[in-house]
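A short write-up of the structure that comes next.
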Protein chains: 2
Amino acid sequence: MREFFQKYKSTILYGFSLAVLLFLMKWLEFRLIVIDHALEIYIGSIAVVFTALGIWLALKLTKPKKETIIVEKEIYVNDAEFVQDRNQLEKLNLSKREMEVLELIAQGCSNQEIASQLFVSLPTIKTHSSKLFEKLDVNRRTQAVEKAKRLKLIP
Amino acid sequence: MREFFQKYKSTILYGFSLAVLLFLMKWLEFRLIVIDHALEIYIGSIAVVFTALGIWLALKLTKPKKETIIVEKEIYVNDAEFVQDRNQLEKLNLSKREMEVLELIAQGCSNQEIASQLFVSLPTIKTHSSKLFEKLDVNRRTQAVEKAKRLKLIP
DNA sequence: AGTAAAATCATCCTTAAGTATGACCTCCAG
DNA sequence: CTGGAGGTCATACTTAAGGATGATTTTACT
């Protein structure tokens, strides 16, 4: 019941206003017989009142235009997933073994540890690393790591 | 002249409408004498017409209501600008010199190069790096670099 | 003013890293 | 089938790096 009233509040108010005004008119009609030439004033006031009513109705009933604003919210991803630069890799022409050695060097492994992990001898790792340094145009493992990261060969 | 009309278009139209309707009323007034009991209909139509006029006026003159809906669009930025982990730095209690040495080591510099850049002797750098490795709990410069990056001490 | 931490330098020694060279094997394409 | 590339291993040498210890000087703070 209350919901019904809420929903049609404007319509009911309009109807009620009409009823009241018509009643007022009926009463005024009677007065008009007495007061001559007052009909114009009466009609004018009716016009004004209903114009105001119309304006009020319009303001009440018009639905607001919806305007969507898209706000770009930047989210900084700490992840920064690594994408290997295949282009650079081709240019440098590193072999599989050299890449493996490079990765292990970057992890801080010693030559001996690398040799153990790859099941080869220490001299083998030395030759690999030497060739690697030559291709990377460096002469220290630390430089190799720095350059490899800069060239996006490793994360 | 045209601008004036444009500016006060609504007002002029309103005035004109009023004039027309008053003229109409005058004419109807005459008719009412003939047709009995038609005053109510006449008044009613006046009310309806002016209500409509009011609505029209309101719609024309009032600024359209705006309701802004903010939609957040998530943009994933891969930037991940480096922020030094001050917390870790405090825990490790590294001195200024040790940090400087760490940074240069990370850049691939040799001890001799670091000594030259910092205007100190090679043994000094060795002591610094030794203490640095001790604090970082590593025993190779490459490990130090790897760990420092992992702990977000350096980019 | 005195003390602790930081910074500097040195020496001695060990180990890891880097360089050079040569040899051997395997696989694959010309 | 043969030569080149990749991989393996070895030896010998040089240099850089790392560890241990001690000493002196700066700096900062109570």
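None of these values were measured; they are calculated from a predicted model. To find a chain, count down the sequence lines: A is the first, B the second, and so on, and within it residues start at 1. Keep in mind that the numbers below use all heavy atoms, side chains included, and drop hydrogens, waters and symmetry copies.
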Take the protein atom CD1 of Ile105(A) and the nucleotide atom P of dA17(D), then report the distance between them rounded to whole Å.
14 Å
Any pair counted as salt bridge (Lys or Arg N to Asp or Glu O under 4.0 Å), so long as it reaches residues 115-137 of chain A, sequence neighbours left out:
Glu98(A)-Lys135(A)
To the nearest Å, give me how far apart CZ (Phe133(A)) and P (dT19(C)) are.
7 Å
Can Glu146(B) and Val145(A) be said to form a side chain to side chain contact (heavy atoms under 4.5 Å, CB included), step by step?
CA-CA 10 Å; Glu146(B) 195 275 334; Val145(A) 171; over 6 Å; no
Are the side chain of Glu113(A) and the backbone N or O of Ser110(A) linked by a donor-acceptor pair below 3.5 Å?
yes
In whole Å, what is the span from the CD atom of Gln112(B) to the P atom of dT15(D)?
13 Å
Using only atom types and a distance under 3.5 Å, with no angle test, would you say the side chain of Thr124(B) pairs donor to acceptor with the backbone of Val120(B)?
no
CD1 of Ile125(B) to CD of Gln117(B), rounded to nearest 0.5 Å, is 9.5 Å
How would nucleotides 4-16 of chain C be written as a contact map, 5' to 3', with B for base contact, S for sugar-phosphate-only contact and - for no contact, using protein heavy atoms under 4.0 Å?
--SSBBBB-----
Please give, in whole Å, the distance from dA17(D) C1' to Ile114(B) CD1?
11 Å
Nearest-Å distance, CG (Leu102(B)) to P (dA17(D))?
15 Å
What do you reckon, is CZ of Arg150(B) surrounded by more than 12 foreign heavy atoms closer than 6.0 Å?
yes
Whole angstrom is fine here: how far is it from CG in Leu132(A) over to C1' in dG7(D)?
15 Å
Rounding to a whole Å, what distance do you find between Ile125(A):CD1 and dT8(D):C1'?
10 Å
